2 protein chains.
Amino acid sequence: MAVTIRDVAREARVSVASVSRALNGSPAVTDETRQRIASIAQRLRYVPHSAARSLITKRTQTIGALLPDLYGEFFSELIRGIDLAARAKGLHLLVSSSHGDADEAAAALRAMQGRVDGMLILSPHVDAAFLRANLPESTPAVLLNSAFDSPQFDVLNIDNYGGAYAMTRHLLDAGHASVTFVGGPEDNFDAQQRERGYREAMAEFAPKAVAKVVAGDFSEESGYLAGRALAKNARPLPAVFAANDMMAVGCLRAFAESRLRVPQDVALAGFDDIPIARYVVPALTTVRVRIVDLGRRALECVAAAIEKPGRARGAAQTLACEVVVRASSGGEAKPSKPV
Amino acid sequence: MAVTIRDVAREARVSVASVSRALNGSPAVTDETRQRIASIAQRLRYVPHSAARSLITKRTQTIGALLPDLYGEFFSELIRGIDLAARAKGLHLLVSSSHGDADEAAAALRAMQGRVDGMLILSPHVDAAFLRANLPESTPAVLLNSAFDSPQFDVLNIDNYGGAYAMTRHLLDAGHASVTFVGGPEDNFDAQQRERGYREAMAEFAPKAVAKVVAGDFSEESGYLAGRALAKNARPLPAVFAANDMMAVGCLRAFAESRLRVPQDVALAGFDDIPIARYVVPALTTVRVRIVDLGRRALECVAAAIEKPGRARGAAQTLACEVVVRASSGGEAKPSKPV
DNA sequence: CGGCGGAATGTAAACGTTTTCATCCGGGTT
DNA sequence: AACCCGGATGAAAACGTTTACATTCCGCCG
């Protein structure tokens with residue numbers, strides 16, 4: 001049915017070995033025969049059978065990506081970065097996303113076994129035991145945004161700490177006497193790091209003020225509730241720094257209901273720079289994370305691990321964030337045109 | 001190194017054929033031996049080598065998804081739907097996205113050759129010639145949201161026409177004497193269909209009014225410009241229906257600058273129901289498209305084509321949309337809490 | 001009691017590559 | 001002239017499955 005290496009060999013009057021060599025760029029073949037074989041292969045539309053090749057080379061040229069139940073921009077951007085880098089390296093991308101719990105993730109991980117040369121794993125469910133149980137020893141893997149730190153695996157994290165630290169500092173520098181933090185879920189790694197960044201910046205740059213954290217869970221609703229509670233406090237209000245943009249949007253709604261003007265009565269900042277952040281009124285000051293870079297770096301990292309199997313594992317990299325100042329923090333007045 | 005079917009066979013004191021049969025559920029094997037083999041396989045952590053299996057069965061259990069340079073919510077939701085359906089069917093998902101032009105898409109399509117049993121293709125660049133040149137005859141493919149209609153391929157479209165028709169009708173029913181349409185890019189299939197839906201609804205439900213279309217290109221900026229132009233018109237202003245939400249957001253900004261109140265002075269609606277639509281003020285009336293369902297249906301469609309190779313191709317399905325009424329059209333006043 | 005049929009299992013070919021090893025050939029060295 | 005060396009090519013094994021076909025075994029019927 002399909003054209004195989006044999007057909008090309010027959011047509012070119014050489015052995016299959018020569019065809020293989022010619023097409024794979026082995027030096028042990030005359031330029032002239034290489035040309036001839038190449039042109040015949042092209043004419044016949046020969047495409048090497050990837051399964052047969054994988055069988056013998058033990059390489060699939062494929063990277064697996066294991067992702068949790070992820071929504072919106074973050075997911076797209078991450079995949080974009082991974083995909084771009086994979087294409088540049090001639091690798092394919094096998095995706096398995098939308099994993100709600102550890103069991104689903106485990107099943108997905110096992111299902112990928114043997115189909116991929118390496119893995120990119122972003123999941124709140126991973127820990128040492130999970131990986132030992134579900135990931136073959138020999139498969140290189142890069143953990144994304146994971147609290148889990150092991151000499152076995154490379155880890156690539158967002159600098160949540162640094163971003164929150166920088167934002168807190170920015171708010172204090174802008175003249176606010178104090179900053180209140182709206183926290184994320186307690187068991188969330190990102191949330192923990194962001195809170196730590198906030199606390200340390202407060203300790204350093206506002207030693208007289210006291211750090212104050214109100215609870216939240218990253219949802220818009222929890223931000224709304226937090227905002228409503230904060231609006232009752234004594235004036236002047238401290239600046240509010242929400243652990244993510246969705247909660248900041250919730251705060252914004254609560255403040256609007258309480259007839260509080262942002263940023264005149266209360267300054268507000270978020271974290272993530274989701275697209276909505278540019279379009280709420282006033283536009284939200286936030287911390288931007290270059291998700292595309294996260295994906296790209298992750299893929300390059302696992303590709304490197306595949307190429308050099310003996311290489312030391314366990315490198316931990318951190319991806320910098322940047323403060324994006326918009327109208328909501330009062331740092332800059334640009335209410336009309338989105339950035 | 002890795003454990004193969006031979007190891008299992010040796011351990012179980014049977015032939016490899018029996019192991020294969022037992023693990024693949026062939027009826028020609030005693031329940032007792034099946035049990036024994038299964039437990040040994042599990043103990044040895046045997047996983048069939050997928051490449052070897054593909055080599056002989058000519059199946060990869062993998063679906064390829066070819067996507068253009070897609071951003072945000074649409075991409076995530078689409079992949080989510082595809083992934084969910086794929087998992088349910090035990091299929092893997094090979095993704096190649098971010099294709100800017102036809103050449104890139106062609107290269108990606110060819111690279112997937114032999115690695116997938118079927119393809120999901122969403123790309124403005126596909127047409128008959130493109131597919132003939134880059135897709136093997138035998139590979140089933142489903143085209144998503146494509147103007148190209150051929151008896152060769154299944155096509156799955158969003159009901160842009162019906163959604164725009166329904167929205168226009170909704171605005172007219174709500175008491176607006178006329179509706180002005182802000183169009184999308186001229187060569188865009190979605191935009192064309194939406195405009196057609198608008199025109200036909202106008203002709204049918206507002207025969208005395210005249211359909212009016214101002215140009216746009218789906219960008220927020222083009223919506224802003226359109227909104228500014230419209231704000232100059234004679235009062236009372238007709239309702240404004242933008243061909244997508246981003247342009248509607250742009251209109252909103254222009255109206256705010258012109259001190260026009262929405263919906264009191266001008267009613268506004270968009271299309272897509274992007275997340276931002278809920279958070280702008282006032283919240284945007286729009287047309288919702290169930291992208292997850294699009295992905296799910298597409299995968300089920302290609303899976304069906306793979307299972308029954310002889311089946312008739314060329315079925316065209318259409319995915320219904322629904323009008324989502326929020327504050328911006330004045331149909332319902334719910335300015336505070338997002339839906 | 002012999003043969004037959006069907007169920008369970010085994011044997012080996014086939015899938016399409018890559019790669020090791022062998023072969024061949026021409027030319028330079030001794 | 002004999003030898004060797006190195007470069008180009010070919011033959012065949014190997015990768016780990018599935019499956020067509022062969023074999024074995026056992027009970028049952030004539």
Side-chain angles (χ1 to χ4, degrees), chain A residues 1-38 40-41 44-62 90 92 111-117 136 138, chain B residues 1-38 40-41 44-62 90 92 111-117 136 138:
Chain A
M1 198 84 231
V3 29
T4 79
I5 199 173
R6 284 212 154 60
D7 303 319
V8 179
R10 183 165 354 99
E11 192 81 1
R13 307 190 171 289
V14 294
S15 71
V16 294
S18 292
V19 177
S20 175
R21 281 191 275 253
L23 267 28
N24 289 325
S26 153
V29 62
T30 276
D31 265 353
E32 184 262 331
T33 49
R34 184 194 308 283
Q35 292 290 345
R36 190 164 42 104
I37 291 174
I40 289 178
L44 263 39
R45 290 165 167 271
Y46 166 68
V47 176
H49 193 293
S50 57
R53 180 178 273 180
S54 296
L55 182 56
I56 186 82
T57 60
K58 306 205 170 301
R59 277 284 145 77
T60 62
Q61 310 290 4
T62 303
H92 296 260
M112 285 199 178
Q113 177 139 190
R115 312 185 88 97
V116 299
D117 295 338
S138 55
Chain B
M1 197 85 228
V3 29
T4 80
I5 198 173
R6 284 213 154 62
D7 302 322
V8 180
R10 182 166 355 98
E11 193 81 1
R13 308 191 171 287
V14 295
S15 71
V16 293
S18 292
V19 177
S20 175
R21 280 190 277 254
L23 266 28
N24 290 326
S26 154
V29 61
T30 276
D31 264 354
E32 184 263 332
T33 50
R34 184 193 308 284
Q35 293 291 346
R36 190 165 42 107
I37 291 174
I40 289 179
L44 263 40
R45 291 167 165 271
Y46 167 67
V47 176
H49 193 292
S50 56
R53 179 178 276 178
S54 298
L55 182 56
I56 186 82
T57 60
K58 307 207 169 297
R59 278 285 145 77
T60 61
Q61 309 289 5
T62 304
H92 296 259
M112 284 198 179
Q113 177 140 186
R115 311 186 89 96
V116 299
D117 296 338
S138 54

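Chain letters run A, B, ... following the sequence lines, proteins first, then strands; residues in each count from 1. Worth saying up front: this structure is predicted, and the values here are computed from it rather than measured.
Side-chain contact between A:L55 and B:H49: present, with at least one pair of heavy atoms (C-beta onward) separated by less than 4.5 Å.
If you measure from atom CD1 of B:I37 to atom P of D:dT17, you get 14 Å, rounded to the nearest angstrom. Counting to the nearest Å, the P atom of D:dA14 and the NE2 atom of B:H49 are 17 Å from each other. Atom P of nucleotide D:dT9 and atom CZ of A:R21 are separated by 9 Å, given to the nearest angstrom. For A:R36 and D:dA8, the CZ to P distance is 14 Å, given to the nearest whole Å. The distance between atom CZ of A:R34 and atom P of D:dG7, rounded to the nearest whole Å, is 15 Å.
Across all strands shown, B:T33 has heavy atoms under 4.0 Å from sugar-phosphate atoms exclusively, and none from any base.
With A:R34 contributing its side chain and A:S26 its backbone, the two residues share a donor-acceptor pair below 3.5 Å. Not one N or O on the side chain of B:S20 forms a donor-acceptor pair closer than 3.5 Å with the backbone of B:V16. Of the possible polar contacts, one joining the B:R36 side chain to the B:A12 backbone as a donor-acceptor pair under 3.5 Å is found.
Residue whose closest nucleotide on DNA chain C sits further toward the 5' end, between B:L55 and B:P27: B:P27. Residue whose closest nucleotide on DNA chain D sits further toward the 5' end, between B:I56 and A:E32: A:E32.
For the contact set between residues 9-20 of chain A and DNA chain D, defined by any heavy atom under 4.0 Å, the members are A:R13, A:V14, A:S15, A:A17, A:S18.
A search for side-chain hydrogen bond (donor to acceptor under 3.5 Å, both in side chains) contacts involving B:E11 returns B:R43, not counting sequence neighbours. Residues passing the side-chain hydrogen bond (donor to acceptor under 3.5 Å, both in side chains) test with B:T60 are B:D117, sequence neighbours excluded. Residues satisfying the side-chain hydrogen bond (donor to acceptor under 3.5 Å, both in side chains) test with B:T4, not counting sequence neighbours, are none. Remark: A:R10 engages A:D7 in a side-chain hydrogen bond (donor to acceptor under 3.5 Å, both in side chains) (not counting sequence neighbours).
Remark: A:I56 CD1 to A:R53 CZ distance equals 12.0 Å, nearest 0.5 Å.
When DNA chain C is scanned 5' to 3' for any atom under 4.0 Å from a heavy atom of chain B, the first and last hits are C:dA8 to C:dG16.
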